[in-house]
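To start, the structure itself, in structure tokens.
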Protein chains: 2
Amino acid sequence: MGNKGTALEVIPGAVVRRLPRYLTQTQYLRQQGVEWVSSASLAEALGLTSSTVRQDLSYIDFKGVAKRGYGTGGLEKVLARTLGVDRDVRCVLVGAGNLGRALALHEEFVRQGFKIMGVFDNHPSVVGKKIGRFVIKGMNEMADFVREQQVGIGIVSVPHAAAQAVADQLVAAGARGLLNLTTAHVHAPDTVSVVDARILASLRELAYAVKDI
Amino acid sequence: MGNKGTALEVIPGAVVRRLPRYLTQTQYLRQQGVEWVSSASLAEALGLTSSTVRQDLSYIDFKGVAKRGYGTGGLEKVLARTLGVDRDVRCVLVGAGNLGRALALHEEFVRQGFKIMGVFDNHPSVVGKKIGRFVIKGMNEMADFVREQQVGIGIVSVPHAAAQAVADQLVAAGARGLLNLTTAHVHAPDTVSVVDARILASLRELAYAVKDI
DNA sequence: TAGATTGTTAATCGATTAACAATC
DNA sequence: TAGATTGTTAATCGATTAACAATC
């Protein structure tokens, strides 16, 4: 209770959505051996203004140094801690279609600390089959699994029509965040965050940019 | 030149990002046989306010009817036309890793008019192999292919370090929109739109929501 | 007709940018 | 020291919401 002087408070949504990008860039720079980064160079790399970068970083518990910028090692660590990715984040994947398969097999997510604990699907013909190292389990096992393994995030990769029902089951089982890969809008209580991957929507947004040109 | 009375002008970015969602929902309702939808019910379905919905739809060339709402058939048609998805949109996919494979195999995108014309990869060991009906081509063939097939959208699904170079090649070949599936930020001229899929970033955003709970 | 729902203007809210004193 | 860069406040900008006359 209480915090040690540095008031962290709530971080605005717009800022939270940029923090992962600062983390990716800072990680990259640190791996390249770069020790200091200025707000101007972060801004340049990410297509922002230096003012936005400084404003954003003022929300996390890390101070830059005048004339030098931000130490990449420290910044990376604090960004990871702030986001909660300094330790494994437990996920389940629901829906073993093409997109689901791809995510389960994508090593990058594991490397970044997102641990897929189990893969579930409704379809009797795929239950028991394998995706990489995962044996696909039936939906009837999901709720207990999420509870027992203390899974935080559910990745919803099912057909549009099934999305809300799956989301409801995940929430009931205790998931606190949902990554929605479907085209459906998913309703959840205020205590549960939903982030939409919006892949089809992104393509449609691009179609608008591209059309009649 | 000029338009027939209804000034459409530029549609704000925030609105363009919601139009695909209205389209998805309207499509769904129309398929269910629903003929009219109100701003309040669209808002309820998508987690918005009815005010936002009416404001947004005022940007497209379609009028609702007092006391009845919006005709789903007409609304669907005009939304599709406004976004430029009333005809095939030609894409290429660069990078035949797990994520790229999944997109190439995902029938939903084809059904929605996004036509993958070709799949390209740098890696000699995969060139010539097949993904579904696609034979993977080498990167050396990409620029000519994009020009000849008049491809509008490039889907970038390569490792972080290769993202900018691939984007540059796509832009040089004439692509007008890029769907960026990598964690890298990609720079492009103002004439080219870039939309980031942000899958890892979304997971990290969820990690923040989920942490210490 | 009465009432429901649109379209639009004005008010509010939040996010971004500019500016600059503090500081290393 | 002089100059570069942060942290922060204030100003601007854009997006969302409220309100209500028009209308079917």
Side-chain angles (χ1 to χ4, degrees), chain A residues 5-22 25-26 29 34-76 78-79 82 185 205 208, chain B residues 5-22 25-26 29 34-76 78-79 82 185 205 208:
Chain A
T6 324
L8 293 184
E9 319 295 313
V10 243
I11 303 179
V15 177
V16 172
R17 277 187 291 279
R18 279 190 297 266
L19 293 184
R21 301 178 61 195
Y22 297 129
Q25 180 66 11
T26 304
L29 291 171
V34 178
E35 289 183 11
W36 295 92
V37 63
S38 67
S39 57
S41 101
L42 275 174
E44 157 68 15
L46 300 177
L48 306 167
T49 66
S50 68
S51 199
T52 298
V53 173
R54 290 197 301 281
Q55 182 87 275
D56 287 352
L57 296 185
S58 75
Y59 285 99
I60 67 169
D61 187 17
F62 186 75
K63 293 275 166 272
V65 179
K67 204 167 144 62
R68 263 185 292 184
Y70 305 88
T72 52
L75 181 55
E76 181 186 359
V78 176
L79 281 169
T82 305
H185 176 75
E205 195 182 328
Y208 174 72
Chain B
T6 326
L8 293 182
E9 319 296 311
V10 244
I11 303 180
V15 178
V16 173
R17 278 187 291 279
R18 280 189 296 265
L19 294 184
R21 302 178 60 195
Y22 298 129
Q25 180 66 10
T26 304
L29 291 171
V34 177
E35 289 184 12
W36 295 92
V37 62
S38 67
S39 58
S41 100
L42 275 173
E44 157 66 17
L46 300 177
L48 307 167
T49 67
S50 67
S51 198
T52 299
V53 173
R54 289 197 302 280
Q55 183 86 274
D56 286 353
L57 296 185
S58 75
Y59 285 99
I60 68 169
D61 187 17
F62 186 75
K63 292 276 165 271
V65 178
K67 202 166 146 65
R68 263 186 292 182
Y70 304 89
T72 52
L75 181 56
E76 180 185 0
V78 176
L79 281 169
T82 305
H185 176 77
E205 197 183 326
Y208 175 72

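In what follows, chains are A, B, ... by sequence order, proteins preceding strands, each numbered from 1.
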Expressed in angstrom and rounded to an integer, what is the separation of [X] atom [atom1] from [N] atom [atom2]?
X     : N      : atom1 : atom2 : result
A:L42 : D:dT5  : CG    : C1'   : 13 Å
B:L19 : D:dA15 : CG    : P     : 13 Å
A:L46 : C:dT17 : CG    : C1'   : 17 Å
A:E44 : D:dT5  : CD    : C1'   : 17 Å
B:F62 : C:dT6  : CZ    : P     : 11 Å
B:K63 : C:dG7  : NZ    : C1'   : 8 Å
B:D56 : D:dA15 : CG    : P     : 11 Å
B:I11 : D:dG14 : CD1   : P     : 17 Å

Looking only at heavy atoms, what is the nearest atom pair of A:V37 and A:S41, with distance?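 The answer is CG2-OG, 3.1 Å.
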Non-hydrogen atoms of B:T82 and A:Y208 that approach each other most closely: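 For B:T82 and A:Y208, the tightest heavy-atom pair comes out as O-CD1, 3.1 Å.
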Mapping B:S51 and A:S50 onto DNA chain D by nearest heavy atom, which one lands closer to the 5' end?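 That would be A:S50.
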What's the closest nucleotide to the side chain of [X] if the choices are [options]?
X     : options               : value
B:S39 : C:dT6, D:dT16, D:dT5  : C:dT6
B:A14 : D:dT16, C:dG3, D:dT5  : D:dT16
B:S58 : D:dC24, C:dT23, C:dT8 : C:dT8
B:R54 : D:dT16, D:dC20, C:dT5 : D:dC20

Do B:H185 and A:R21 pass the side-chain contact (heavy atoms from CB on, under 4.5 Å) test, and can you show the C-alpha distance, the side-chain angles, and the key distance before you say yes or no? CA-CA 8 Å; B:H185 176 77; A:R21 301 178 61 195; 3.0 Å; yes
B:T52 side chain to B:L48 main-chain N or O, any donor-acceptor pair under 3.5 Å?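 Looks like no, no N/O pair under 3.5 Å.
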Please evaluate the base of C:dT8 for a donor-acceptor partner in the side chain of B:Q55 within a cut-off of under 3.5 Å?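 There is none.
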Yes or no on side-chain contact (heavy atoms from CB on, under 4.5 Å) for A:L57 and A:Y70, after CA distance, side-chain angles and deciding distance? CA-CA 10 Å; A:L57 296 185; A:Y70 305 88; 3.7 Å; yes
May I ask you to verify if any side-chain N or O of [X] is less than 4.0 angstrom from the OP1 or OP2 atom of [N]?
X     : N      : answer
B:R18 : D:dA15 : no
B:T52 : D:dT17 : yes
B:Y70 : C:dG7  : yes

Distance (rounded to the nearest 0.5 Å) between B:L19 CG and B:L79 CG: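 If we round to the nearest 0.5 Å, B:L19:CG and B:L79:CG are 6.0 Å apart.
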Please assess B:Y22 against B:D56 for the test side-chain contact (heavy atoms from CB on, under 4.5 Å), listing each intermediate value before the final yes or no. CA-CA 10 Å; B:Y22 298 129; B:D56 286 353; 2.6 Å; yes
Looking across every strand, which nucleic acid part, if any, lies under 4.0 Å from [X] by heavy atom: base, sugar-phosphate, or nothing?
X     : result
A:S38 : sugar-phosphate
A:T49 : sugar-phosphate
A:R17 : nothing

Both A:G13 and A:R68 contact DNA chain C. Taking the nearest nucleotide for each, which residue is further toward the 5' end? A:G13
For DNA chain D, produce a single dot-bracket line, 5' to 3'. Pairs: Watson-Crick or G-U wobble, both distances under 3.5 Å. Symbols: ( ) within strand, [ ] crossing, | other strand, . unpaired. ..||||||||||||||||||||||
Does the side-chain contact (heavy atoms from CB on, under 4.5 Å) test come out yes or no for B:L29 and B:W36, once each step is laid out? CA-CA 9 Å; B:L29 291 171; B:W36 295 92; over 6 Å; no
